[in-house]
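See below for the structure under consideration.
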Amino acid sequence: MKIRRILSITAALAAILSAFGCSGTNSSEVSEEVVINTGIDPHSIIFDWQKSYEEKLKEFSSSSAYSSKNSRFDLYDIDLDGTPELIISPDSELSSVCEIYTYRNALEKVADIGANGTFRYIPSLGCIGYEYSGDGFVYGEYHSASENISEPSVTYYNNLGSAAAGATIKYEINNAEVTLAEYESAVQIYSGAAAVDLGRKYTFGEKSIDYALHCSQSWGAVLSDIQKNAYKKILSDIIANSPENDAAFEIADLDGNNVPELILSTGFTDICDCHVYFLNEAVVNDLGTSCGQYGCFTFDVENSVFFSDGKSETQCWSLNDADLDKFKPSENTMVCGRNYILTNDSVNSAFR
């Protein structure tokens, strides 16, 4: 693997650049009470679902459905009840569906859904769903994320891809034939909405499982109110200056100091990248370079290196002077950048 060394820099020496074309968001003055480490280890924050989810992941990794190369999992609070659901993606094959589990005093399986080992969560509609492209047809379905999640609330189908074979073209909504205009109107509600792709965030490495279960959901308790407000200001300013965009964000500890960084994704197309913000004493700074592609990058939890695979090389970054010239990805990785759609509601939820 060819690796190009892009950046290895300590937080104290990072340059301050403007982010996402918004003036005033590259450096945010906060109280002198802000320090690099709050002293709170996220592992000290205990949730009642952690043990059951860990046992389920171990059980799956010992099953015949598990693949060390292709299996992934995710955690996400789909029904907004304060407890994240556990999502297991056996592989990324077209027909692969995700298993969704929740915790209500005990582990419960609530649904099997998806294609290619993923599905979409649409916050504005409160639903999850997917689209499957078969041989000459398209099938999609969406489920309410809070009520009877196992049953679809809407399905759609068309066989437009069979037109060349002489088939009679049909458009269906909830198994009832409709006109093209009716079909497009119904499907556009879902296909045009901002969504988060779920299912394949974490590998099954020991350290990525530990991070997912014992760190990823704890940042709201770890960060001080001052630190939360500093990050919220960055995102609020971007929303105010660019209200119509495909931006998303995430909170993740990229240097292992128990103070998470803020990752801003500028969109999900091939020209979109990420900006990384970090707390540097009394200032929130921008890393000083754009990272990733398609609005995300991969973070190696074991080596504290984040990277993006290009066509001819792998670009790498680090906040704590990792040796990028010798970097090889471990089995403990996670995809970062698009955990929350950038809205005022999601900002308040992430930093509550």
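Because the structure is predicted, anything quoted here is derived from the model rather than measured.
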| query | Do I78 and Y103 belong together in a cluster built from hydrophobic side chains that touch within less than 4.5 Å? | reply | yes
| query | Would V284 end up clustered with L262 when hydrophobic side chains under 4.5 Å apart are linked, directly or stepwise? | reply | yes
| query | In terms of ring plane angle, is the pair Y183 and Y156 parallel, tilted or perpendicular, where the classes change at 30° and 60°? | reply | perpendicular
| task | Report the C-alpha distance between T118 and R200 in whole Å, list the side-chain angles of each, state the deciding distance to 0.1 Å, and finish with yes or no for side chain to side chain donor-acceptor pair (under 3.5 Å). | result | CA-CA 7 Å; T118 65; R200 301 188 60 78; over 6 Å; no
| task | Answer yes or no: are there more than 12 heavy-atom neighbours, outside F268 itself, under 6.0 Å from its atom CZ? | result | no
| Does E108 have any side-chain contact (heavy atoms from CB on, under 4.5 Å) partners at least two apart in sequence or in another chain, and if so, which? | T102, R104
| task | Please test K56 against E59 for salt bridge (Lys or Arg N to Asp or Glu O under 4.0 Å), starting from the C-alpha separation and ending with a verdict. | result | CA-CA 5 Å; K56 184 62 189 180; E59 175 189 309; 2.8 Å; yes
| Are M334 and Y294 connected in a single hydrophobic cluster, I mean Ile/Leu/Val/Met/Phe/Trp/Tyr linked by side-chain heavy atoms less than 4.5 Å apart? | no
| message | Assess, by modelled atom type and distance only, whether the side chains of E250 and N339 contain a donor and an acceptor separated by less than 3.5 Å. | response | no
| Validation row, ring centre Y53 to ring centre F73 under 6.0 Å | no
| Which distance, rounded to the nearest 0.5 Å, do you find between the CG of D300 and the NZ of K207? | 9.5 Å
| request: Tell me, with the steps shown, if I263 and L254 meet side chain to side chain contact (heavy atoms under 4.5 Å, CB included). | output: CA-CA 10 Å; I263 304 163; L254 301 178; 4.3 Å; yes
| request: Would you kindly say whether T298 and T333 are connected by a side-chain donor-acceptor distance under 3.5 Å? | output: no
| Enclosure of I46 CD1 (heavy-atom neighbours >12, cutoff 6.0 Å) | yes
| Stepwise, does the side chain to side chain contact (heavy atoms under 4.5 Å, CB included) test hold for V110 with D79? | CA-CA 11 Å; V110 294; D79 57 9; over 6 Å; no
| query | What's the verdict on side chain to side chain contact (heavy atoms under 4.5 Å, CB included) for L235 and F351, showing C-alpha distance, side-chain angles and the deciding distance? | reply | CA-CA 11 Å; L235 298 174; F351 294 100; 3.8 Å; yes
| remark: Hits for side-chain contact (heavy atoms from CB on, under 4.5 Å) against D112, two or more places apart or cross-chain, chain-then-number order -> V97, E99, K109
| query | Is there side-chain contact between Y231 and L279, with at least one heavy-atom pair below 4.5 Å? | reply | yes
| field | Between Y340 and F249, ring centroids under 6.0 Å | value | yes
| Are Y190 and V138 grouped together when hydrophobic residues (ILVMFWY) are joined by side-chain heavy atoms under 4.5 angstrom apart? | yes
| task | Applying side chain to side chain contact (heavy atoms under 4.5 Å, CB included), run through I45 and Q217 and close with a yes or a no. | result | CA-CA 9 Å; I45 312 300; Q217 306 299 307; over 6 Å; no
| note | K170 meets the side-chain contact (heavy atoms from CB on, under 4.5 Å) criterion, sequence neighbours left out, with N159, E172, E177
| said: For D135, is the CG atom crowded, meaning more than 12 foreign heavy atoms sit under 6.0 Å from it? | reply: no
| Y132-I113 co-clustered via ILVMFWY side chain contacts under 4.5 Å | yes
| message | Check this for me: does any side-chain nitrogen of one of E55 and K58 sit under 4.0 Å from a carboxylate oxygen of the other? | response | no
